[in-house]
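Sequential numbering from 1 along the given sequence is applied to the chain's residues. What's counted below: heavy atoms across the whole structure, side chains too, no hydrogens, waters or symmetry copies.
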Amino acid sequence: MKLKYLCLSLVFIGIWSCDKKDLDYEQVQVATPEFMTKADFRSSVEITVPKDIENVGKIYAYKNYIFVSDVNKGVHVIDNTNPVKPKTVKYIKIPGNEDISVKDDFLYADSATDLVVFDISDIHAISIVERLKDVFTIYDYQIPVEANLVDYKKFNFEEDIIVGWNLTTEWRKKEDVDVVTGEIFMGGELRAATESVTGQGGSLARFQVVDDYLYTVGSYQMSIFNIKNLEAPLLENTQYAGWNIETMFQAEDYLYLGSTNGMYIYNLKNPSLPEYVSEFTHWEGCDPVVVEGEYAYLTLRGGNACGQLESVLEVIDISDKSAPTLAGRYALENPYGLGIKGETLFVCDGTAGLKLFDKTDPLKVELKKTYNNVQSKDVIPLEDSLLMIGGETLYQYKYHEGGVELISSFVLR
């Protein structure tokens, strides 16, 4: 009988302990940094033969080349002279890389805290021509959107460089959970002979080249580089950009920054010091944006760590830059990037495929075609073709009346 009561007591204690754990603890996504010493980090950039992509990132187009990022690791160079049979020709290993831009055969790439400049005039003999050290803080380097908190563990802020992040699901005591906020950032220390040719990125880009300036944006900070001397850029200014910035798009004399809870507008009257104009606020969600004329088009992806459950396409009236207003909202399933060509708005709806909207009347955008046999993440509408990346595949399409027709699909790994 005593044994019976003892067993019952143990059961009640176990139940009480579980209930207490449920009350005092919660499961969170914890981001821990992958890091290298600064010495190893700055000597690790390398141009090599092609290799498989481990984690497909963003796309960028320049002349007859397509650049595909390998998240946090580097950039793969694809010769697209023959779009039917693209061919990977080089791999540029750049630890801590998120984005690139290209102007007149000079490629600019972030490498964690540094900006690295490559001469790509001979794609088979790419070389490093400059490295600007410590122009970005670790808070410019985007923390995974899924993360609830960051655990720096043994990371040494003086001697080490973050080159990536690991995500784990852990039980943490509620009072110990320090949700990632802008306060982290605020605690950091800010730091014609031929026709010019600038490349083109997708809507997920964080780099934009405008005339003699390169604009880059991190989670909270914008950095402005003077690139009049292409091989020797100068950091002219850094400034607070907004809350949880994810993307940047340039149209006419303005920059449009997509964040998890809004769109920020900056004018470029003074190109070395963009001026805040206004902000359009929406519910929390992952948010790339593109602009044409008096309207901005943005997608909001809900679910998981992105925010609300709803996913939509929003049309924003920006005819008055100081007071943008919502002009329309349309339901989507799993949206990512988007792009514009003529009167067609291309929307990457993730696993729901590529969707084509007619925006002839921006106040009444209509879905006209869906290609649901592909996974789509971002697009670049070029003059004669559409580039799209999704899953582990690079797709190329030619435009035709009423839609697009596949030219090639190139598996990246």
Novice: Which heavy atom of Ser278 sits nearest a heavy atom of Ser322, and at what distance?
Specialist: CB-O, 3.5 Å

Novice: Once the angle between the rings of Phe136 and Phe225 is folded into 0 to 90°, is it parallel (under 30°), tilted (30 to 60°) or perpendicular (over 60°)?
Specialist: perpendicular

Novice: Is the side chain of Asn334 donor-acceptor paired with the backbone N or O of Asp349 at a distance under 3.5 Å, no angle test?
Specialist: no

Novice: Could you tell me if Asn372 and Thr370 have a donor-acceptor pair between their side chains, going purely by distance under 3.5 Å?
Specialist: no

Novice: Under the 3.5 angstrom rule, does the side chain of Tyr108 hit a backbone N or O of Leu230 as a donor-acceptor pair?
Specialist: yes

Novice: Got a donor-acceptor contact below 3.5 angstrom from the Tyr330 side chain to the Val365 backbone?
Specialist: yes

Novice: Could you tell me whether Asp134 and Arg42 have a side-chain N and a carboxylate O separated by less than 4.0 Å?
Specialist: yes

Novice: Contact between Glu130 and Val116 at the side-chain level, heavy atoms closer than 4.5 Å - yes or no?
Specialist: no

Novice: Is it true that atom CG of Asp211 has more than 12 heavy atoms of other residues, nucleotides or ligands lying nearer than 6.0 Å?
Specialist: no

Novice: Can you tell me if NZ on Lys398 sees more than 12 non-hydrogen neighbours from other groups inside 6.0 Å?
Specialist: no

Novice: Tyr266 versus Met248: any side-chain heavy-atom pair under 4.5 Å?
Specialist: no

Novice: Judged by atom type as modelled, is there a donor-acceptor pair below 3.5 Å linking the side chain of Tyr264 to the main-chain atoms of Trp243?
Specialist: yes

Novice: Distance alone, cut at 3.5 Å: any donor-acceptor contact between the side chains of Asp378 and Tyr336?
Specialist: no

Novice: Check whether any side-chain N or O of Asp70 sits under 3.5 Å from a backbone N or O of Asn55 as a donor-acceptor pair, and report yes or no.
Specialist: yes

Novice: Determine, stepwise, if the pair Tyr397 / Glu405 fulfils side chain to side chain contact (heavy atoms under 4.5 Å, CB included).
Specialist: CA-CA 5 Å; Tyr397 299 89; Glu405 182 179 330; 5.9 Å; no

Novice: Hey, mind stepping through Asn80 and Gln396 against side chain to side chain donor-acceptor pair (under 3.5 Å) and telling me if it holds?
Specialist: CA-CA 10 Å; Asn80 198 43; Gln396 298 190 64; 2.7 Å; yes

Novice: Return yes if some donor-acceptor pair links the side-chain N/O of Tyr62 with the main-chain N/O of Asp105 below 3.5 Å, else return no.
Specialist: yes

Novice: Do any N or O atoms from the side chain of Ser385 and from the backbone of Leu382 form a donor-acceptor pair under 3.5 angstrom?
Specialist: no

Novice: Under 6.0 Å from the ring centre and within 45 degrees of the ring axis: does the NZ or CZ of Arg131 meet both conditions for the six-membered ring of Phe41?
Specialist: yes

Novice: Could Lys321 and Tyr254 be counted as a cation-pi pair, given that NZ or CZ must be under 6.0 Å from the ring centre and within 45° of the axis?
Specialist: yes

Novice: Looking only at the side chains, is there a donor atom on one of Ser111 and Asp114 sitting less than 3.5 Å from an acceptor on the other?
Specialist: no

Novice: Should Ser259 and Glu246 be marked as a side chain to side chain donor-acceptor pair (under 3.5 Å) after you check the CA-CA gap, both sets of side-chain angles, and the distance that decides it?
Specialist: CA-CA 5 Å; Ser259 79; Glu246 296 182 311; over 6 Å; no

Novice: Judged by atom type as modelled, is there a donor-acceptor pair below 3.5 Å linking the side chain of Asp110 to the main-chain atoms of Asn97?
Specialist: no

Novice: Take Lys63 and Asp79 through the test salt bridge (Lys or Arg N to Asp or Glu O under 4.0 Å) and record every step on the way to the result.
Specialist: CA-CA 10 Å; Lys63 293 183 177 178; Asp79 185 339; over 6 Å; no

Novice: Within the supplied structure, the quantity of interest is the number of heavy atoms (other residues, nucleotides, ligands) at a distance under 6.0 Å from Gln27 CD; does it exceed 12?
Specialist: yes

Novice: Go through it in stages, so that I can follow the logic: the residues are Asp104 and Ser196, the test is side chain to side chain donor-acceptor pair (under 3.5 Å), and I'd like the CA-CA distance, side-chain angles, deciding distance and then a yes or no.
Specialist: CA-CA 6 Å; Asp104 296 341; Ser196 181; 3.1 Å; yes

Novice: Kindly say whether Leu204 contributes a backbone atom to a donor-acceptor pair with the side chain of Lys58 at under 3.5 angstrom?
Specialist: yes

Novice: Quick one, Thr168 with Glu170, criterion side chain to side chain donor-acceptor pair (under 3.5 Å). Give me CA distance, side-chain angles, the key distance, then yes/no.
Specialist: CA-CA 6 Å; Thr168 55; Glu170 300 179 15; 2.8 Å; yes

Novice: Does the plane of the ring in Tyr399 sit parallel, tilted or perpendicular to the ring in Phe346? Use 30° and 60° as the thresholds.
Specialist: tilted

Novice: Within a reach of under 6.0 Å around NZ of Lys93, are more than 12 heavy atoms found that belong to other residues, nucleotides or ligands?
Specialist: no

Novice: For Thr360 and Glu343, indicate whether the former's side chain and the latter's backbone hold a donor-acceptor pair under 3.5 Å.
Specialist: no

Novice: Would you say the side-chain atoms of Thr113 and Lys38 include a donor-acceptor pair closer than 3.5 Å?
Specialist: no

